[in-house]
2 protein chains.
Amino acid sequence: MDQAVLEASFRAYFLGLGHDIDWQYLSLSMMLHPVRKGDYLFHQGELANRLYFLHSGLVRYVGVSDAGKEFTQTFVKGPRVIGSTRAMVTGMPVLFGIQALSDTMVISYPWAEFFQQMSQDKGFLASYMAFLEQIFIAKEERESAFVKHSAERRYLDFCADYPELKEQVPLQYIASYIGITPIALSRIRQKLKLSNG
Amino acid sequence: MDQAVLEASFRAYFLGLGHDIDWQYLSLSMMLHPVRKGDYLFHQGELANRLYFLHSGLVRYVGVSDAGKEFTQTFVKGPRVIGSTRAMVTGMPVLFGIQALSDTMVISYPWAEFFQQMSQDKGFLASYMAFLEQIFIAKEERESAFVKHSAERRYLDFCADYPELKEQVPLQYIASYIGITPIALSRIRQKLKLSNG
DNA sequence: CCAAGAAATTAACCTAGGTTAAGAAATCCA
DNA sequence: TGGATTTCTTAACCTAGGTTAATTTCTTGG
């Protein structure tokens with residue numbers, strides 16, 4: 001895949017965040033990560049202090065519980081910045097892994113250097129800020145939904161909010177996203193089928 | 001309370017986020033909200049499109065579920081910026097209320113105007129960005145803990161992480177913070193008491 | 001300092017969702 | 001295309017934590 005295309009995709013994404021950015025400040029070469037369906041960009045516990053950009057494809061963030069059970073934190077479709085803000089900013093090991101659900105293309109830059117160079121540009125700061133606001137708002141909404149709604153309601157909301165994911169993503173991942181087992185999700189689907197005729 | 005003191009506290013907090021800020025850009029008068037123990041700064045469902053700063057005291061963020069049950073999203077001790085990023089940025093109604101757990105003093109500015117003026121300053125952008133990173137990281141950690149650990153473990157972690165809150169905050173709020181009922185928390189505490197002699 | 005309300009505990013019972021297990025359906029290669 | 005693997009469903013049983021309700025302990029305002 002052509003690096004120029006990837007770079008253009010990356011810049012277009014940032015432009016979409018609402019501010020003009022002067023990329024002259026940036027003098028770093030990107031790293032390419034073609035991640036195949038099923039494989040991981042990184043695993044829980046590893047270091048991931050880079051800025052990752054998912055150019056194309058679909059991934060999920062996966063945490064593993066003390067008891068060894070998987071939990072899907074979120075699904076992300078490219079083009080979008082992905083990764084762990086915490087790991088990137090603090091240099092601590094990630095709390096979740098990122099698994100490709102389709103063949104994907106990811107690029108990355110080392111965050112510390114990238115930020116040092118780009119923070120000279122106000123447009124970049126404003127864009128990155130907008131990105132942080134976006135992902136924080138998404139978390140606020142998700143936390144709220146988790147607390148307020150039953151598993152059944154969370155499933156229905158998922159289907160309404162992500163009709164296309166509902167088709168592409170294995171049910172077990174959807175179950176782990178709404179916080180229940182695949183068995184419990186089956187029961188819910190069964191019940192819904194009956195009550196809807 | 002002296003406005004100059006509150007303003008100084010506000011600026012000191014931002015300075016603590018790591019960047020020098022030129023406050024000359026700002027020409028807005030602050031609003032004062034002395035919120036007494038037990039009262040709310042705002043309730044779930046209201047508009048809260050202002051930048052709130054908790055100068056002193058302790059508050060909790062409270063969501064109410066479909067079934068009418070309360071859930072404590074987080075505890076915050078001043079001095080710190082508080083409020084809903086989502087409500088502030090998007091102008092949508094808040095997903096949770098903020099209740100004072102002690103007598104508090106809160107000040108606020110209208111966010112849109114505040115941001116318009118202050119976004120001219122790179123130091124402010126960088127500081128606000130740092131704040132967003134901080135709160136996002138906290139959410140990442142909390143989400144991870146919720147999924148990975150049992151209620152008992154979450155209680156023990158809470159006690160370890162916030163020894164001072166453990167003393168000041170009613171048990172029912174701690175219960176709702178770790179996602180269980182006060183009754184369930186009592187059972188856990190009982191069990192721990194027995195097993196520790 | 002006391003009465004009234006609020007907070008915490010305990011007990012008895014209930015239920016959503018977890019667990020194990022086994023079969024059916026879908027998917028994936030070779 | 002067919003055997004193998006993975007995914008999904010169903011059933012039977014179990015358990016953490018919810019619910020209701022009664023009792024005790026703490027707070028707090030007058």
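Proteins come first, then strands; the chains are lettered A, B, ... in the order of their sequence lines, and each starts at number 1.
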query = Can you find a side chain N or O atom of A/Lys69 that sits less than 4.0 Å from OP1 or OP2 on C/dT19?
reply = yes
query = Counting heavy atoms not belonging to A/Gln116, are there more than 12 under 6.0 Å from its CD?
reply = no
inquiry  = Could you tell me how far apart B/Lys191 (NZ) and C/dT10 (C1') are, to the nearest whole angstrom?
reply    = 17 Å
request  = Grab the CD-P distance between A/Gln190 and D/dT7 for me, whole Å please.
outcome  = 21 Å
inquiry  = Categorize A/Gly38 for me: base, sugar-phosphate, or nothing, with a 4.0 angstrom heavy-atom threshold over every strand shown.
reply    = nothing
inquiry  = Under 4.0 Å, heavy atoms only, any strand: does A/Leu185 hit a base, just the sugar-phosphate, or nothing?
reply    = nothing
request  = Could you tell me the separation between the OH atom of A/Tyr155 and the C1' atom of D/dC8, rounded to a whole number of Å?
outcome  = 12 Å
task = Give a yes/no on whether any side-chain N or O of B/Thr181 is located under 4.0 angstrom from OP1 or OP2 of D/dG17.
result = no
remark   = Rounded to whole Å, the CD1-P distance (A/Ile174 to D/dC8) equals 8 Å
task = Kindly say if A/Ser186 contacts the phosphate of D/dT10, meaning a side-chain N or O under 4.0 Å from OP1 or OP2.
result = no
remark   = Regarding the side chain of A/Lys37, the nearest nucleotide among C/dT19, D/dG18, C/dC28 is C/dC28
ask   = So what does A/Pro170 touch, heavy atoms closer than 4.0 Å: a base, only the sugar-phosphate, or nothing?
value = sugar-phosphate
query = Looking for any heavy atom pair under 4.0 Å, which part of the strands does A/Arg189 touch: base, sugar-phosphate only, or nothing?
reply = sugar-phosphate
message = What is the separation between atom CG on B/Leu101 and atom P on D/dT28, rounded to the nearest whole Å?
response = 12 Å
inquiry  = Whole angstroms only, please: what is the NZ-P distance between B/Lys193 and C/dT9?
reply    = 7 Å
ask   = A/Phe71 CZ to C/dG18 P: how many Å, rounded?
value = 11 Å
task = Could you say whether B/Leu171 or B/Arg187 is positioned toward the 5' end of DNA chain C, judged by the nucleotide with the nearest heavy atom to each?
result = B/Leu171
task = Provide, to the nearest angstrom, the distance between the CD atom belonging to A/Glu152 and the P atom belonging to C/dT15.
result = 17 Å
message = Under a 3.5 Å distance rule, please check whether B/Ser127 uses its side chain to pair with a backbone N or O of B/Gly123 as donor and acceptor.
response = yes
ask   = Do the side-chain N and O atoms of B/Arg189 and B/Tyr155 include a donor-acceptor pair separated by under 3.5 angstrom?
value = yes
ask   = Near B/Phe75 CZ, under 6.0 Å, is it more than 12 heavy atoms from other residues, nucleotides or ligands?
value = yes
B/Arg36 with B/Asp103: basic N within carboxylate O range, under 4.0 Å = yes
message = Among D/dG17, C/dT20, C/dA7, which nucleotide has an atom closest to any side-chain atom of A/Ile183?
response = C/dT20
